[in-house]
Amino acid sequence: MTEEKKRDLKYVGKSYIREDVYDKARGKTQYTCDRQIAGMLYARLVLSEKANADIMVHTEKAKQVPGIRAVFTHANVPKITYNPHNWSACLDAPMDQYILSEKARYVGDHLALVVGESKEAVDEAVSLVEIDYDEAAPIIGLAAARETDGMLAFEKEVSCGDYGALTGDGKEPEELVIVRTEGSTQKIHHSAIEPHIALSEIDENGNLVLWTPCQTVYQVRYHISHLLGIPYSKVRVIKAVMGGSFGGKGQTVVEPACAFATWILRRPVMLYMDRQDAVMGTRSRNASETCVKTAVTRDGIIRGRRIDTDIDGGAYYTNAASVAMAYCKKLFRMYRIENQTCHVRTYYTNTISGGACRGYGSPQAHAVTEVNLDQTANAIGMDPCEFRLKNFAHPMDEDPTGGTNLGNVRIEECIRKGMEAFSWKEKREHIHEKDTKRYAYGVGMACGAHGNGYKGAYPEFTNVIMSLHPDGAVEVQIGIHDQGCGTVMTMQQIAAEALHTDVYRIKVHEADTFVTPYDAAGTQASRVTYVCGRAVQKAGEQLLDKLKNACVQMYHWKKENIKADDGILYCEEEEKPYKQIALDYERQCCRYMHTELEYVPPSNPGSYCCAFAEVKVDKYTGQTEVLDLLCVHDVGQVMNRTLSEGQVEGGAQMSLGQALFEEISYDAKGRVKTKNFSKYHIINAPDMPRVRSIFVEDGEPDGPYGGKSLGEIAAVAPGPAVANAINYALGSCFASYPITPEKVVAYLEEKRKEGN
């Protein structure tokens with residue numbers, strides 16, 4: 001995007017205050033847990049305490065608790081399977097789950113549902129549900145899954161060129177250096193402030209209505225209709241105010257059971273979870289184990305790369321195929337590598353099922369490959385940044401696997417701007433001068449790539465209805481889901497830019513299957529700004545054109561002379577505010593000022609980033625402190641600068657958690673060792689470093705005013721940048737996450753034993 005074009009933007013790119021922040025700050029916002037409906041019941045799931053067992057559920061004692069209205073088990077629910085990952089009837093991932101399970105497949109599996117008049121009664125009854133377990137040995141972790149027949153859920157190889165021929169069947173050609181890295185990533189809990197919850201009722205017209213802080217209302221509607229045999233037209237799903245998701249509410253988890261209870265009991269039901277339930281019984285980021293081999297010339301050109309990755313899919317199929325394919329595809333969109341193979345396998349294990357978790361394959365993919373690239377640069381004596389600059393993808397490169405064009409790739413600018421702002425070369429040359437007997441210092445960097453929707457993989461489209469009312473207010477109906485990051489404000493700014501009217505005169509509705517038009521996929525795959533935002537832009541431009549045509553018809557203005565600014569149309573010496581035009585249009589033309597469109601994006605470009613980190617490692621305790629973090633993102637065009645900075649800072653917090661602390665861990669019997677935040681450690685505010693943000697805004701041709709995604713890619717590069725900084729500080733090769741103090745101390749002890 002040219003500088004002149006950027007200067008023309010009046011609303012996009014500026015920092016506007018979200019209209020919901022005051023109520024949220026004062027505790028006045030009504031979340032799902034705050035809703036009260038006359039006659040409402042409460043419900044809670046009974047989760048399995050065993051990882052692999054046939055079960056017999058005894059509900060007699062629980063039913064005797066005063067106030068308990070029902071205790072459901074698998075015997076009571078429809079014998080219809082579903083896959084919570086499938087977001088529409090078009091998807092055909094294997095269906096292997098019931099509303100309530102017929103056996104225990106992981107600690108946290110949903111075995112029963114208790115419904116009662118109060119939370120106190122429900123909690124007591126949950127504790128009195130007795131389950132007889134006929135245990136079998138659980139399969140915990142990928143090593144066990146590989147050794148057990150029948151645990152492979154999905155396998156695929158994606159490639160370009162011929163890595164095998166390049167490397168001569170494992171023999172290292174004289175002109176090439178081959179660097180091998182093994183690493184792993186862990187299961188991660190989303191840690192949203194609000195645990196999973198849903199509220200359902202039957203309205204006065206017999207419709208099943210469900211409020212849920214979800215990412216995909218049409219997915220929820222599809223599953224409820226499928227499982228309960230209710231027509232789509234009788235199921236209303238309303239996206240409720242959300243206390244965070246990060247992908248954790250991207251699949252249906254509690255909604256089917258909640259809807260089922262209401263449908264059977266004919267009363268409103270609120271199904272709630274606490275933190276322990278959410279950690280054990282919802283979804284996690286898929287764990288992975290990776291081996292990377294990179295073949296590079298001695299002057300730094302990557303000739304080939306092979307990635308072999310196994311993914312822990314958990315107890316049910318859910319996203320076994322989609323996360324594996326997302327993982328593979330993103331590794332072909334960052335660097336120009338002529339010969340590359342990515343072989344990926346997803347396995348069943350007796351642990352929590354996998355789901356989206358801010359990045360969907362990107363955090364796992366880049367966590368190990370970016371460490372490998374640093375090790376490769378070290379092997380040939382090159383600076384890691386200079387090495388990457390020799391191999392990055394270029395603007396408008398084609399995807400070597402046949403996917404959509406990479407778009408306006410600006411990773412080079414990201415790296416160069418980051419190097420300058422971080423003083424990379426100076427710090428890297430002199431950082432060890434800060435070392436002491438106790439502390440080691442290091443700097444590191446890493447890059448990341450992500451996408452902008454589903455174009456080329458799944459149906460990708462959205463619909464918009466936009467109306468201008470006679471009071472001058474604009475109403476936008478589109479199936480978006482604000483997760484707390486400011487999606488609604490982003491859409492307001494885009495609409496304001498298209499219509500040349502004030503941001504706060506625009507009302508954007510969140511997804512409601514009875515109110516907003518159909519959207520193909522919901523809030524996932526980093527599609528909202530690029531796809532939904534562009535749809536809003538085009539609808540706004542279409543409505544503005546209709547306004548101008550109305551002026552031509554009613555006031556006999558010349559269309560080419562009409563200008564718009566701040567909710568007013570001007571033509572030579574005349575001017576008309578939008579509200580007057582809308583009123584006259586209805587009065588004179590007997591029509592309402594609105595427009596509708598269905599938008600299909602023509603492309604799915606890449607979004608790119610890099611991160612630079614400085615760390616201090618305590619060699620006595622193994623603790624790592626991140627002293628400085630710089631994040632540079634190729635976003636095409638910032639939508640709201642304050643919200644964008646917030647996305648980067650929040651994404652960095654999650655990525656640093658992956659690098660240093662977070663992990664859902666299991667013992668040999670499949671019992672969860674990290675059930676709550678006393679055991680599951682996340683980085684809190686005092687431990688967060690200062691996070692600096694730089695945005696490269698060169699414009700993505702098909703994005704709204706040049707914009708593209710940021711929210712997910714923000715959680716990709718900081719983690720491996722910190723890993724590379726630790727490795728530079730200690731001379732280590734850490735590529736298995738999290739890099740805990742115990743691992744650091746063990747490494748240093750081993751070095752001391754070796755006399756180093």
Side-chain angles (χ1 to χ4, degrees), residues 42-65 68 70-77 84 96-116 119-141 144-145 148 151 187 189 195-197 248 253-254 256-257 261 271-284 287 312-316 318 348-355 663-680:
Y42 295 89
R44 187 175 166 193
L45 291 159
V46 179
L47 305 183
S48 174
E49 297 177 350
K50 304 295 181 182
N52 185 16
D54 292 326
I55 60 170
M56 182 70 70
V57 184
H58 303 284
T59 63
E60 295 80 8
K61 291 181 180 179
K63 288 178 178 177
Q64 292 173 11
V65 174
I68 293 302
V71 182
F72 299 109
T73 69
H74 176 74
N76 309 119
V77 300
D96 58 359
Q97 288 184 247
Y98 296 101
I99 294 176
L100 297 172
S101 299
E102 84 287 10
K103 67 170 292 181
R105 291 176 174 84
Y106 70 102
V107 172
D109 208 347
H110 302 178
L111 303 185
L113 179 69
V114 176
V115 187
K119 286 187 175 182
E120 292 77 15
V122 168
D123 291 346
E124 181 182 351
V126 165
S127 70
L128 294 174
V129 173
E130 297 177 339
I131 303 176
D132 294 334
Y133 295 96
D134 182 9
E135 286 189 78
I139 307 301
I140 307 300
T148 307
M151 303 306 287
K187 286 182 179 285
H189 174 58
H196 287 66
I197 191 169
V253 175
V254 298
L271 196 164
Y272 62 94
M273 280 186 156
D274 60 17
R275 180 61 55 187
Q276 182 170 297
D277 289 349
V279 172
M280 296 194 303
T282 58
R283 299 291 180 268
S284 76
D312 187 335
Y316 294 97
T318 57
Y348 292 109
T349 63
N350 293 118
T351 62
I352 190 171
S353 295
E663 181 174 17
I664 301 175
S665 58
Y666 294 83
D667 66 15
K669 288 187 174 292
R671 292 174 296 213
V672 182
K673 297 192 290 184
T674 50
K675 294 180 181 180
N676 50 51
F677 288 147
S678 67
K679 299 292 184 182
Y680 184 92

To check you understand the geometry: which heavy-atom pair defines the closest contact between [X] and [Y], and what is its length?
| X | Y | result |
| --- | --- | --- |
| Ser48 | Ala104 | OG-CB, 3.2 Å |
| Ala668 | Pro138 | O-CG, 3.7 Å |
| Gly354 | Arg283 | O-CD, 3.7 Å |
| Leu47 | Tyr133 | O-OH, 4.4 Å |
| Tyr316 | Ser353 | N-OG, 3.3 Å |
| Asp312 | Gly314 | OD1-N, 3.0 Å |

Please check this pair: side chain of [X] against backbone of [Y], looking for a donor-acceptor N/O pair closer than 3.5 Å.
| X | Y | value |
| --- | --- | --- |
| Thr349 | Gly141 | no |
| His196 | Gly281 | no |
| Thr674 | Ser665 | yes |

Discussion item. Using the rule given for side chain to side chain contact (heavy atoms under 4.5 Å, CB included), can you reason through Val279 versus Asn676, listing the C-alpha separation, both sets of side-chain angles and the distance that settles it, and then say yes or no?
Written reply: CA-CA 7 Å; Val279 172; Asn676 50 51; over 6 Å; no
### Message
Restricting to side chain to side chain donor-acceptor pair (under 3.5 Å), what partner residues turn up for Thr282, sequence neighbours left out?
### Response
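Residues passing side chain to side chain donor-acceptor pair (under 3.5 Å) with Thr282: none at all.
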The side chain to side chain donor-acceptor pair (under 3.5 Å) partners of Asn350 (sequence neighbours excluded) come to none
Run the side-chain donor-acceptor check on residues 122-129: report pairs under 3.5 Å with partners two or more places apart or on a different chain.
from	atom 1	to	atom 2	distance (Å)
Asp123	OD1	Arg44	NH1	3.1
Asp123	OD1	Tyr272	OH	2.7
Ser127	OG	Glu124	O	2.5

Spacing of [atom1] belonging to [X] relative to [atom2] belonging to [Y], to within rounding of 0.5 Å:
| X | Y | atom1 | atom2 | result |
| --- | --- | --- | --- | --- |
| Ile197 | Asp274 | CD1 | CG | 11.5 Å |
| Leu111 | Lys103 | CG | NZ | 11.5 Å |
| Ile55 | Ile131 | CD1 | CD1 | 6.0 Å |
| Tyr680 | Lys673 | OH | NZ | 14.5 Å |
| Met280 | Leu45 | CE | CG | 11.0 Å |
| Ile68 | Lys63 | CD1 | NZ | 11.0 Å |

Please name all residues satisfying ring pair (Phe, Tyr, Trp, His ring centres under 6.0 Å) with [X], sequence neighbours left out, ordered by chain then number.
| X | value |
| --- | --- |
| His110 | none |
| Tyr348 | none |
| Tyr98 | His74 |

Are the side chains of Gln97 and Thr318 in contact, using a 4.5 Å heavy-atom criterion?
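When only atoms from C-beta onward are counted, Gln97 and Thr318 do touch, with a gap below 4.5 Å.
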Do the side chains of Ile139 and Asn52 get nearer than 4.5 Å, heavy atoms only?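 They are not in contact (no side-chain heavy atoms under 4.5 Å apart), so the answer is no.
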Residues in salt bridge (charged side-chain N to carboxylate O under 4.0 Å, His left out) contact with [X], at least two apart in sequence or another chain:
| X | result |
| --- | --- |
| Arg671 | Asp667 |
| Lys61 | Glu130 |
| Glu120 | none |
| Glu49 | none |

Check whether the side chains of Arg275 and His189 place a donor and an acceptor atom closer than 3.5 Å, and report yes or no.
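Arg275 vs His189: donor-acceptor pair found between side chains.
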Worksheet item: By side chain to side chain contact (heavy atoms under 4.5 Å, CB included), which residues pair with Ala261, not counting sequence neighbours?
Response: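 Ala261 satisfies side chain to side chain contact (heavy atoms under 4.5 Å, CB included) with Phe72, Leu113, Val115, Val269 only.
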Across all chains, not counting sequence neighbours, the side chain to side chain contact (heavy atoms under 4.5 Å, CB included) partners of Ser284 are Lys187, Ile352, Ile664
